[in-house]
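See below for the structure under consideration.
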Protein chains: 2
Amino acid sequence: MRIVIKMKTTANSAPRGASKPPGRALLQAQISRLGLKHSRQRDLVADVFFAMGGHVSVEQLVAAARRNDPRVSVATVYRTMKLLADCGLAFSRQFDGTQTRYEPAAGRPHHDHLICTGCGTIAEFAEERIETLQSRVAATHGFQVETHKLEIYGRCADCRRGKGPEARP
Amino acid sequence: MRIVIKMKTTANSAPRGASKPPGRALLQAQISRLGLKHSRQRDLVADVFFAMGGHVSVEQLVAAARRNDPRVSVATVYRTMKLLADCGLAFSRQFDGTQTRYEPAAGRPHHDHLICTGCGTIAEFAEERIETLQSRVAATHGFQVETHKLEIYGRCADCRRGKGPEARP
DNA sequence: ATTTATGCAAAGAATTTGCATTGTA
DNA sequence: TACAATGCAAATTCTTTGCATAAAT
């Protein structure tokens, strides 16, 4: 089953003129803390990432970053995203098993995902009772929960009402 | 529907003394239904797969199959597992995002997974109330559920009581 | 005899890594 | 000036595929 992910929150990655980049500041803090060095492309990748909203692939990040600086390498994007993930500023997800996707983690509450198998739209939801039941199940098995992943695949409202799997990968 | 079980008296891969291979028969039925051709290595892969229990990687399947016939190719194992999955006889899972793992689907009830981040042990569980809540959440968002994936990661009882992350891939 | 399956190796796709060079502090 | 970061290409890992040959119906 190949899932084509389409961003519903079609965020434009273009750097808004004078808008402040909060994600960049968070990354900068981690960089200082770890004794690493600041760099132009790390800022760029962070800006682009936090501007895009969520569930973005590395491919999308590279494309977006290159709109600002055509010479950023995929390696740098991979390295920067890994840094962000290691710092707890981004979560990495693999919805379809092939590409890794990232979403901002800064101060966002926990949530799980609904993924449309028709158009690839990803919706988020939080259900406290499910979390509770998960902990209970884990306890029953003697497990201490660290993380969990809950993904519900199905057809979204739009795709159900007539619109067949539209051609827009 | 008539199911023809052809038992070869040659190399028997089943560990259980004289037990017959039900999985092989199921595969054979699908092969006939689809107008495909029977083959020795498909039987072998099916036998090995259904004998291994579940959550097996292709790598493990290849190794197990080659104990019976050293010349089975990875390509054939991949192709056979994909056939089994397409026929509904196996589920493919990607717990870690890298390797695909398979588990038998024949007549087994739905379940989700608890995965130990220490030793890699995978336990199964079923919690009806979680399923119910999932459907409800999906309905709220206008989704029609097709499948879902729930994985709880944590430390199993064994790993929690002192035993450090032992090497048991 | 016809058509499918296999095996091998090459091809792909996603991600990582070695290393010379550039950039930062 | 040191040392980390970048870019590029080669290397890795998992999986798929093209093609000649073997096997099944």
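Within every chain, numbering begins at 1; the chains are lettered A, B, ... in the order of the sequence lines, protein sequences first and strands thereafter. All values below come from the heavy atoms of this structure, side chains included, with hydrogens, waters and symmetry mates left out. From a predicted model like this one, the values you see are computed outputs, not experimental measurements.
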Expressed in angstrom and rounded to an integer, what is the separation of A:Leu83 atom CG from C:dT15 atom P?
17 Å
When you check the gap from the basic side-chain N to the acidic O, do B:Arg66 and B:Asp69 get nearer than 4.0 Å?
no
In whole angstrom, what separates B:Leu36's CG from C:dA5's C1'?
10 Å
Spacing between A:Arg71 atom CZ and D:dC8 atom P, to the nearest angstrom:
9 Å
Take atom CG of B:Leu34 and atom C1' of D:dT25, then tell me their distance rounded to the nearest Å.
16 Å
Results of side-chain hydrogen bond (donor to acceptor under 3.5 Å, both in side chains) for A:Thr132 - residues two or more places apart only
none
Round to a whole Å and report the spacing from CZ of A:Arg101 to C1' of C:dA14.
13 Å
So if I take the C1' atoms of five pairs at each end of the helix from C:dA1-D:dT25 to C:dA25-D:dT1 and get each local axis, what angle do the two axes make, rounded to 10 degrees?
20°
A:Gln41 CD to C:dG23 P, straight-line distance once rounded to whole Å
9 Å
Would you call B:Glu103-B:Arg108 a salt bridge at under 4.0 Å N-O?
yes
Taking B:Leu27 as the fixed residue, which of B:Asp47, B:Leu89, B:Val45 is the one that meets the side chain to side chain contact (heavy atoms under 4.5 Å, CB included) rule?
B:Leu89
If each of B:Glu59 and A:Ser73 is mapped to the nucleotide of DNA chain D with the nearest heavy atom, which maps nearer the 5' terminus, i.e. the 5' end?
A:Ser73
Report the distance from atom CD of A:Gln99 to atom P of C:dG12, rounded to the nearest whole Å.
18 Å
Could you list all N or O pairs between the protein and nucleotides 16-23 of chain D that sit under 3.5 Å apart?
unit_1 : atom_1 : unit_2  : atom_2 : d
D:dT16 : OP1    : B:Lys82 : NZ     : 2.9

Where do B:Glu146 and A:Thr117 land on the side-chain hydrogen bond (donor to acceptor under 3.5 Å, both in side chains) test, with the steps shown first?
CA-CA 9 Å; B:Glu146 290 173 345; A:Thr117 55; 2.7 Å; yes
